[in-house]
**Student:** 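Here it is: the structure, laid out below.
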Amino acid sequence: MTTSHSTRILTLDVHPLSFGFVVLEGPDRLIDWGARSFRHGVNAVKVPMSKKLALLLDEYRPDALIVREPRAGISRRMKLIAKSAAARRILFHTIPTESMRATFPDSDRNKHEIATAVAAHYPELSPCLPAKRKPWQSEKYGMSVFEAAALGLTYFRRHRVAKKT
């Protein structure tokens, strides 16, 4: 059996038209990160979400797939993600937003503070950290990478605590 420090996970921060992802091997080793779009309409992306997710799962072969727990029940997109993981025999976990905020007790006021804490933990992400947005600005596309990394750190923290008890 593998320990939590050698576990490879893929975390997703899923939005209606995109997702951010991070691949971690243990809490301190960042392997890859990025954001993928799957817009519809005039600016449609030709590769659908299911294929983009399948490529990531097949390339990195994670032990677990982690997503944030949906606020309002299970969506079609979440069912698709769970089905993709099950087809590859990958553990599928959801993490509540409250648990993620508890992982960063000194930075739990807003997403930018959590992203700054994530960038401090993974210095390679620092150049990608968007500037703090003004209330009238929309969230930057790359912010989902930091949300995904925060989910990964939360997973490893919860997993380590669960193994000790």
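The model shown is predicted, which means the values in this text are computed figures rather than measured ones.
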**Student:** Quick check: closest heavy atoms across Ser144 and Gly20, and the distance to 0.1 Å?
**Tutor:**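 For Ser144 versus Gly20, the nearest heavy atoms are OG-CA, 3.2 Å.
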**Student:** Decide yes or no for Met49 and Ile81: does some side-chain heavy atom of the first lie under 4.5 Å from some side-chain heavy atom of the second?
**Tutor:**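 In contact.
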**Student:** Residues in side-chain contact (heavy atoms from CB on, under 4.5 Å) with Ser99, at least two apart?
**Tutor:**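 With sequence neighbours excluded, Ser99 shows a side-chain contact (heavy atoms from CB on, under 4.5 Å) to Ile95, Pro96, Thr154, Arg158, given in chain and number order.
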**Student:** If we only count heavy atoms from C-beta on, is the Arg61 to Arg8 side-chain gap below 4.5 Å?
**Tutor:**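 Not in contact.
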**Student:** Enter the distance from Leu65:CG to Thr94:OG1 here, rounded to the nearest 0.5 Å.
**Tutor:**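 Answer rounded to 0.5 Å: 10.5 Å.
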**Student:** With side chains defined as the heavy atoms from C-beta onward, is the minimum distance between Leu10 and Ile90 less than 4.5 Å?
**Tutor:**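 No; the side chains remain at least 4.5 Å from each other.
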**Student:** Can you find a heavy atom in the side chain of Phe21 that is under 4.5 Å from one in the side chain of Leu56?
**Tutor:**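 In contact.
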**Student:** Is Leu57 reachable from Leu91 through a run of I, L, V, M, F, W or Y residues, each pair having side-chain heavy atoms under 4.5 Å apart?
**Tutor:**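 Unlinked, Leu91 and Leu57 end up in two clusters.
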**Student:** Please give me the minimum heavy-atom distance between Val23 and Tyr60, naming the atom from each residue.
**Tutor:**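 Shortest heavy-atom contact: CG2-CD1, 3.7 Å.
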**Student:** Contact between Phe19 and Arg77 at the side-chain level, heavy atoms closer than 4.5 Å - yes or no?
**Tutor:**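 Answer no - side chains too far apart.
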**Student:** What pair of heavy atoms forms the shortest contact from Trp33 to Cys128, and how long is it?
**Tutor:**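 Between these two residues, the closest heavy atoms are NE1-SG, 4.0 Å.
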**Student:** Let me confirm one number: the OH-CG distance from Tyr141 to Leu17, rounded to the nearest 0.5 Å.
**Tutor:**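 The CG atom of Leu17 is 10.0 Å from OH of Tyr141, to the nearest 0.5 Å.
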**Student:** Does the pair Val22 and Val145 meet the rule for a side-chain contact (heavy atoms from CB on, under 4.5 Å), with working shown?
**Tutor:** CA-CA 6 Å; Val22 171; Val145 170; 4.1 Å; yes
**Student:** Ignoring hydrogens, what is the shortest heavy-atom contact between Ala64 and His93? Give both atom names and the distance.
**Tutor:**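 Here Ala64 and His93 meet closest at CB-CD2, 4.1 Å.
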**Student:** Are any non-hydrogen side-chain atoms of Leu153 and Met100 less than 4.5 angstrom apart?
**Tutor:**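 No - every pair of side-chain heavy atoms lies 4.5 Å or more apart.
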**Student:** For Lys140, look at atom NZ and say whether over 12 heavy atoms of other residues, nucleotides or ligands are found less than 6.0 Å away.
**Tutor:**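 Open.
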**Student:** Which value, rounded to the nearest 0.5 Å, describes the distance between Phe156 atom CZ and Thr11 atom OG1?
**Tutor:**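 Separation between the atoms: 9.0 Å.
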**Student:** What's the spacing between Arg88 CZ and Lys83 NZ if we round to 0.5 Å?
**Tutor:**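 It comes to 11.0 Å.
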**Student:** Find out whether Lys132 and Asn110 are in side-chain contact, i.e. whether some heavy atom of one side chain is under 4.5 Å from a heavy atom of the other.
**Tutor:**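 SC-SC contact between Lys132 and Asn110 confirmed.
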**Student:** Kindly determine whether Phe92 and Val67 satisfy side-chain contact (heavy atoms from CB on, under 4.5 Å), including the steps that lead there.
**Tutor:** CA-CA 8 Å; Phe92 178 73; Val67 296; 3.6 Å; yes
**Student:** Measure the NE2-CG distance between His121 and Asp28 for me, rounded to the nearest 0.5 Å.
**Tutor:**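 Between atom NE2 of His121 and atom CG of Asp28 there are 4.5 Å.
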**Student:** Are Tyr122 and Leu24 packed together at the side-chain level, in the sense that at least one heavy-atom pair is separated by less than 4.5 angstrom?
**Tutor:**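 Yes, their side chains come closer than 4.5 Å.
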**Student:** In Å and rounded to the nearest 0.5 Å, what is the CD to NZ distance from Glu139 to Lys111?
**Tutor:**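 Glu139 atom CD to Lys111 atom NZ measures 3.5 Å (nearest 0.5 Å).
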**Student:** Kindly indicate, with the supporting measurements, whether the criterion side-chain contact (heavy atoms from CB on, under 4.5 Å) is fulfilled by Phe104 and Arg157.
**Tutor:** CA-CA 11 Å; Phe104 302 93; Arg157 178 179 169 263; over 6 Å; no
**Student:** Checking Ser126 side chain against Pro123 main chain: does a donor-acceptor pair fall under 3.5 Å?
**Tutor:**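 Yes.
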